[in-house]
Amino acid sequence: MDYNPVKIETKWQGYWDTNSSHEPSNDFTKEKKYILSMFPYPSGKIHMGHVRNYSISDAIARNYRKLGFNVLHPIGWDSFGMPAENAAIKNRVHPKKWTYENIDYMKKELNALGLSFSKTREFATSDELYTKHEQHIFIEMFKKGLVYQKSSTLNWCETCHTVLANEQVEEGCCWRCDNEVEQREMPGYYLKITDYAQELLDDCKQLEKGWPKQVLTMQENWIGRSEGLEFDFLLSDESREKLGNKFLKYSVFTTRADTIFGVTYTALAPEHEIVKYLCQNKLISDDKIAKIKEMQAVSSRDRAQNEKEGIALDIDVIHPLTGKKVPVWVANFVLIEYGGGAVMAVPAHDERDFEFATKYDLPIIQSIENEKNSFDESKATTDYGKLVNSGKYTGMSSKKAQKSIIYDFEKDGLGKKVINFKLRDWGISRQRYWGAPIPMIHCKKCGLVPEAIENLPVALPEDVQISGEGNPLDSHPTWKHTTCPVCQGKATRETDTMDTFFQSSWYFMRYTTDKSMWEDKVFDKKSSDYWMNVDQYVGGIEHAILHLLYARFFTKVLRDMGYSSVDEPFENLLTQGMVLKDGAKMSKSKGNTVDPDAIIQKYGADTARLFILFAAPPQKELEWNDSAVEGAYKFIKKFSDRSQNASIVSELPKIEHDKLSKESQLARKKVYEALKKSNDVFTEGYAFNTLIASCMEALNALSSQEDKSVWTEGYFILANILEPIIPHTCWEISENLFGLKNFYKIEILQEVFESSSMTLPITINGKRRCEIEVSKESSKEEIFSLAKRSASKWIDGKNIIKEIYVPNKLVNLVVK
RNA sequence: GCCCGAGUGGUGAAACUGGUAAACACGUUGGAUUCAAAAUCCAAUGACUUCACGGUCUUGUCGGUUCGAGUCCGACCUCGGGUACCA
């Protein structure tokens with residue numbers, strides 16, 4: 001059979017379309033599998049990362065379909081976002097036109113890969129119907145008290161009059177006009193994800209079976225729960241006066257109450273109220289005020305990378321236990337968002353505090369003693385130990401002292417035990433056009449009110465100028481003027497749009513519902529109860545924290561609003577590595593991209609799919625290699641060509657194993673090993689590369705023998721195993737030889753693995769020297785004596801100190 | 001800076017719970033076939049060393065545990081992902 005990829009791929013893609021081969025059934029009595037890839041952003045053309053993502057999920061979906069499951073494997077488009085606006089700024093194309101043209105183009109590209117997506121449930125998140133339901137969800141969240149407004153610091157470009165995303169800031173300057181970016185306080189909408197912090201943390205436990213450990217660790221660290229002591233530092237009398245009696249105290253949070261006697265200074269964030277007051281009223285030198293302004297101008301991520309810096313504020317607080325005065329500093333490493341924006345500093349037992357104290361020559365007082373790490377002045381010792389120099393707590397262990405100090409603080413009303421999370425509420429406001437409008441209305445009389453449900457969607461106006469300056473929704477002549485849904489008076493719309501993570505936090509639930517119900521329902525409860533959870537979610541490791549955490553959060557919120565019954569959206573998660581070329585991520589700017597279309601045209605979709613799954617395990621980074629693609633093509637061609645050695649049958653041939661030649665027996669063993677591998681690969685780890693290697697070994701072994709029924713059995717099984725990976729080729733072979741009757745769960749035949757003898761390697765002092773052939777029934781003594789005879793060359797004249805036999809594995813003789 | 005990973009031949013990689021390092025491929029070299037080429041088939045291929053049998057070394061670096069370490073422990077180096085307004 002001549003291998004002609006273009007011909008067979010067009011043929012089978014047409015066949016699958018005509019027969020709706022990949023649509024899920026609405027028969028909810030069947031066993032289901034929901035296989036999902038993270039949906040793409042329609043950037044213009046698909047890239048190798050997409051090919052990888054969808055080849056993986058497609059293999060999984062096809063495998064389950066073959067095993068008889070009702071499979072949902074949908075696709076859609078994460079189609080709001082900045083690139084569409086950037087394209088509009090650069091090329092004066094309307095974001096909507098640009099986006100939907102990209103979708104059309106990329107849809108064709110995906111289709112050419114032979115991906116078994118359900119085509120009837122496709123949508124784009126920028127569709128007005130999607131926006132309508134999304135705004136409904138937002139309003140329900142608002143009514144539940146999960147949405148609130150507050151101010152926070154954002155990147156602002158004064159010349160463009162716009163907020164900049166972190167990505168649009170290049171070395172502190174605006175990407176468009178190169179003007180210096182400032183940090184500006186602006187109001188925005190926030191979602192109370194912190195209300196779910198504890199549950200999001202706790203439920204990591206139930207994900208341990210199906211999620212990579214590293215992702216859960218990242219999520220746990222991100223949520224960052226810690227228990228500790230919150231207490232107040234009272235300002236000294238002079239300092240209080242200096243601050244015009246506006247402030248009496250401020251609170252700090254510490255997880256190391258046991259080190260409290262080691263406090264030698266305290267530090268405030270540059271945005272702290274007291275710091276602001278000092279600056280505004282010029283209570284410190286102009287020099288210092290200028291330095292503080294400089295600190296405030298640096299974004300928090302840059303601050304973390306910069307050297308620790310601080311300024312003495314010339315005020316003191318009173319240590320709550322010693323009564324001594326402690327100086328107050330402002331420091332760039334103290335974050336306003338966490339722990340009240342103030343810390344107690346213990347340079348002896350905290351690395352950051354130590355670095356800072358050394359730089360500014362602040363005292364270092366030891367308060368913990370550790371036997372293993374003797375205290376020295378050159379570094380902080382952060383280990384637990386016994387308290388010293390700590391008043392009545394001296395001699396206690398760190399653990400005991402923490403409890404005891406917290407107890408005393410609570411008893412004396414000086415402080416309390418608190419649980420703190422690093423996780424912050426989710427700011428969803430974006431001052432951009434190409435997003436879902438936040439459906440809120442500002443009314444002079446009624447205040448902030450949600451749009452009436454019957455008026456949804458609040459759609460985007462199409463007649464806008466996108467120049468990169470200002471917010472197009474704000475500057476639109478009429479769009480924002482509306483009537484208040486409560487009092488019917490004049491009012492204005494909110495002009496912020498939503499973060500695109502909002503759309504990707506619930507799209508997977510939308511797919512569960514049949515398109516016929518999409519107009520009226522956001523999801524159909526019966527359908528989502530049947531299809532959720534996603535049995536296998538596949539996507540890039542770069543989403544390990546944000547997207548996955550937001551999606552988990554939404555799932556819990558939607559559950560609490562009665563839309564679904566699940567606590568967690570994704571049962572199993574596979575995080576794929578990136579596709580690299582010349583050691584770097586493929587990107588247009590680096591000019592190292594490989595166009596999937598060109599590969600498909602030259603070699604066919606099956607080659608692209610085989611290469612990408614063979615080159616590396618899915619979780620690992622994948623280095624692109626042109627000649628290896630050629631190799632993948634050769635294998636498919638060989639597999640296709642040699643199919644003429646098999647006969648036309650409609651079921652597995654019966655073979656008498658004992659009557660076969662050694663080569664034929666080995667070939668059968670290799671074929672069944674590949675089948676076994678296939679079962680293993682799809683149940684744990686998805687190491688398709690090793691499955692493909694097994695298939696190659698099997699084909700090599702088949703080629704070294706001549707028995708026709710062994711060939712036939714081999715192809716019946718190999719075409720079955722490889723179908724998820726190179727579907728077009730396998731359907732073609734299967735149609736020609738087996739009338740498409742070989743796609744089902746084939747049972748493993750144990751007899752091909754049975755053998756009476758085994759080969760054992762002999763190692764001397766752990767080094768492999770020779771091997772012996774022994775019967776499986778041999779005793780340990782027999783094995784040792786045979787081993788010694790075979791290895792005599794290496795052990796003669798030496799003493800055998802130890803003899804080790806690892807059953808069925810090896811023999812090790814320790815000699816001297 | 002902080003959190004999470006990765007590092008094995010010329011290249012992509014394999015090695016289940018500590019037990020034969022380099023399976024399967026790519027590349028390279030040699031050979032067969034061919035007028036020639038493509039395609040295909042066969043063989044060799046970690047490094048050093050030896051005429052050869054063989055020997056020595058080798059999983060980023062250094063150290064440790066063990067009869068035995070790519071795998072476990074400790075320190076370090078390099079690269080990658082995330083870092084809350086890229087998606």
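Below, chain A is the first sequence line, B the second, and so on; all start at residue 1.
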Kindly list each side-chain donor-acceptor pair under 3.5 angstrom involving residues 673-683 of chain A, sequence neighbours excluded, with atom names and distances?
unit_1	atom_1	unit_2	atom_2	d
A/Thr683	OG1	A/Asn679	O	2.8
A/Thr683	OG1	A/Asp680	O	3.1

Presence of [X] side-chain N/O under 4.0 Å of [N] phosphate oxygens OP1/OP2:
X: A/Arg642; N: B/C41; result: yes
X: A/Asn700; N: B/A25; result: yes
X: A/Trp211; N: B/C4; result: no
X: A/Asn221; N: B/C4; result: yes
X: A/Arg769; N: B/G55; result: yes
X: A/Lys767; N: B/C67; result: no
X: A/Thr500; N: B/A87; result: yes
X: A/Asn689; N: B/A14; result: yes
X: A/Arg430; N: B/C85; result: yes

* Asked: Rounding to the closest angstrom, what is the interatomic distance between B/C4 and B/C76 at atom P?
  ->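 Nearest-Å result for B/C4 against B/C76 at atom P: 15 Å.
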
* To do: Quote, to the nearest angstrom, the P distance that separates B/G80 from B/A32.
  =>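 So the two P atoms sit 48 Å from each other.
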
